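Just below is one structure, and these are the notes that go with it.
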There are 2 protein chains.
Amino acid sequence: MYIESALTRHDVTEAFPPHALTPQGPAHEHPAHPAGGVSLQSLFAKQPVEKFEAGTAVFWEGDAASHVFEVTEGVLRIFRMMNDGRRVITGFVYPGDLLGVSLERHYLYTAEAVTPVKLRRFARARFQHEIQNSPELRPQLFARLCDEMAAAQDQMVLLARKTAEERVASFLLVIARRLGAARETMPVVEIPMTRLDMADYLGLTIETVSRIMTRLTQRGVIEPNGRHAIFVRKLRLLATLAGECEEKAGVLHEAAPVRRAVWPQ
Amino acid sequence: MYIESALTRHDVTEAFPPHALTPQGPAHEHPAHPAGGVSLQSLFAKQPVEKFEAGTAVFWEGDAASHVFEVTEGVLRIFRMMNDGRRVITGFVYPGDLLGVSLERHYLYTAEAVTPVKLRRFARARFQHEIQNSPELRPQLFARLCDEMAAAQDQMVLLARKTAEERVASFLLVIARRLGAARETMPVVEIPMTRLDMADYLGLTIETVSRIMTRLTQRGVIEPNGRHAIFVRKLRLLATLAGECEEKAGVLHEAAPVRRAVWPQ
DNA sequence: CGGTCGGTTGAAGCGCATCAATCCAAGTGG
DNA sequence: CCACTTGGATTGATGCGCTTCAACCGACCG
């Protein structure tokens, strides 16, 4: 159990045409730096693009942490394993996100392509150099770290105290918001990862995830559209089921905060 | 339920004489900056010290995030609440730690004194200013954030996949290491927080925490020394019970990594 | 066609939560 | 000094939510 096998390339490319997982529009957008200056994106722009097939690892937990990556297309899972094979996915990485930023000598987690992935890399030393010499890039990197920290705290709340239904609802809500489906009244939410991925991310089993998904379907909250996409039919109800705090429990677009890299410059 | 009442001052001060919760020796030491330069500690050193009694809040989730703090004495709990009162403690803050560093306008969590606490504060704008003008301080702050991120991931693993016993064992192990009890063959581990705090940190109930503690006692792994301290009798076994990965499963002093603020400078 | 893989569904079991009683240490007031 | 209170912690009995085990389905593939 807990053996994750690769999706076949065919399977994935069919389910996720390139446009779905490429940064575009206001969805999951990292702040373009004001005043047309340098951005983290533009820093990586000159590096050659590398491709990874679905199911392959970009690096492994314990590898020497030699590079920093920027994802330009596709989705990855970040996970750690316990001795006996228990797996915990600590996050998913989307286009525009950075990967491998840390102080340790070795990567603390494995990064594996969920879908076909395209990314660019920097040698760590060079990335350091670029960052430390750019008063424009530093606050951007800092902002990314803070966002990641906030997400980690949300996840801790989810794992520590939420029920299975609340966990699944929270997850669906987050990816609905991330994919920027806000503009549509009946948002289609792409779910690139497998049920096992969801389970290992939510601290549940595949069976429980599956049961909750069918229950949400039966209640008309969501409507499946193939294995890897759903329509969200009752967004407000979904938010309620997610057990969110009031201030967050608005509709989709309210949840996309205006993230500004205000400091330290 | 989940109502946290304050410890009386007497209760706490008796259980935790000042020396126990003040930074000293190699325990839980943040890196003094090399070459005798400026450190985050020294930055705060000129600020006046403020005292908070056990059980009082330094700030609340949702407050305008106006200040950044450095703890000089005592322990705090950092937590978030769900609508219905479920509480999740996302971390404990020890002397030498920073508090309230984030990009949001409002604090994302409440910070409450577990024991009597002494701390210094900076207005956020001024802290920003100091950081952005100091190529010595920036990497130190960055290092703190990375450490915090790593700790958050450990916690996610704990909450997502560990059993109750593994959670409690992990917790005891971490605070044993933090308090730097390595030098003693029979380390005394101070546990300033209540069982409820432990439960809300570990995603369990007080009853379960209590049961596990007595079970560990019966097996001779630990030996209680009052309510807020234990002797660790079988450290290796405790590490095994914690379900750690091999590379971490050494003795105490192996677990205190040499943290160097290597980048970005 | 059988084989594989991801997913769904059902039945049974278990680990932790819940509910409740009791204990203990310390504080309080007569 | 002693009854009484209070809050944290422990311990036991019971219940439930999720896991575990197992069967089965449908899509895809060699």
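Just so you know, these numbers come straight off a predicted model, no measurement behind them. Order of the sequence lines sets the chain letters (A, B, ...), proteins ahead of strands, with each chain counted from 1.
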Problem set entry | salt bridge (charged side-chain N to carboxylate O under 4.0 Å, His left out) against B:E148, all qualifying residues, sequence neighbours excluded | none

Exercise. Separation of A:R161 atom CZ from C:dA17 atom P, in whole Å?
Worked result: 7 Å

For this session: May I ask you to check whether A:F59 and A:F69 place their ring centers less than 6.0 Å from one another?
Result: yes

For this session: With rounding to the nearest 0.5 Å, note down the distance linking CG in A:D197 to CZ in A:R87.
Result: 5.0 Å

Exercise. Could you give the CD1-to-P distance, from A:I206 to C:dG10, as a whole number of Å?
Worked result: 16 Å

Seminar exercise, completed: Here the distance between atom P of D:dG8 and atom CE of B:M213, to the nearest Å, is 17 Å

Could I get a table of every N or O pair under 3.5 Å where one atom is in the protein and the other is in nucleotides 15-18 of chain D?
residue: D:dC18; atom: OP1; partner: A:A164; partner atom: N; Å: 2.8

Seminar exercise, completed: Looking only at heavy atoms, the pair that brings B:M198 and B:M193 closest together is CG-CG, 4.0 Å

Exercise. What about B:R211: does its side chain form a donor-acceptor pair under 3.5 Å with the base of D:dG12?
Worked result: yes

Problem set entry | Interatomic distance where NE2 belongs to A:H228 and C1' belongs to D:dC28 [whole Å] | 13 Å

Exercise. Of all residues at least two apart in sequence or in a different chain, which pass the side-chain hydrogen bond (donor to acceptor under 3.5 Å, both in side chains) check with A:K118?
Worked result: none

Exercise. Which part of the nucleic acid, if any, lies within reach of B:R227 when heavy atoms closer than 4.0 Å are counted: base, sugar-phosphate only, or nothing?
Worked result: base

Problem set entry | Out of D:dA22, D:dG8, D:dG12, whichever nucleotide has its closest atom nearest the side chain of A:E207 | D:dA22

Problem set entry | B:M198 CE to D:dA9 P, straight-line distance once rounded to whole Å | 9 Å

For this session: Quickly work out the A:I222 CD1 to C:dT8 C1' distance and round it to whole Å.
Result: 14 Å

Exercise. Is the ring centre of B:F79 less than 6.0 Å from the ring centre of B:Y109?
Worked result: no

Seminar exercise, completed: When rounded to whole Å, the CG to P distance for the pair A:D197 and C:dC5 reads 16 Å

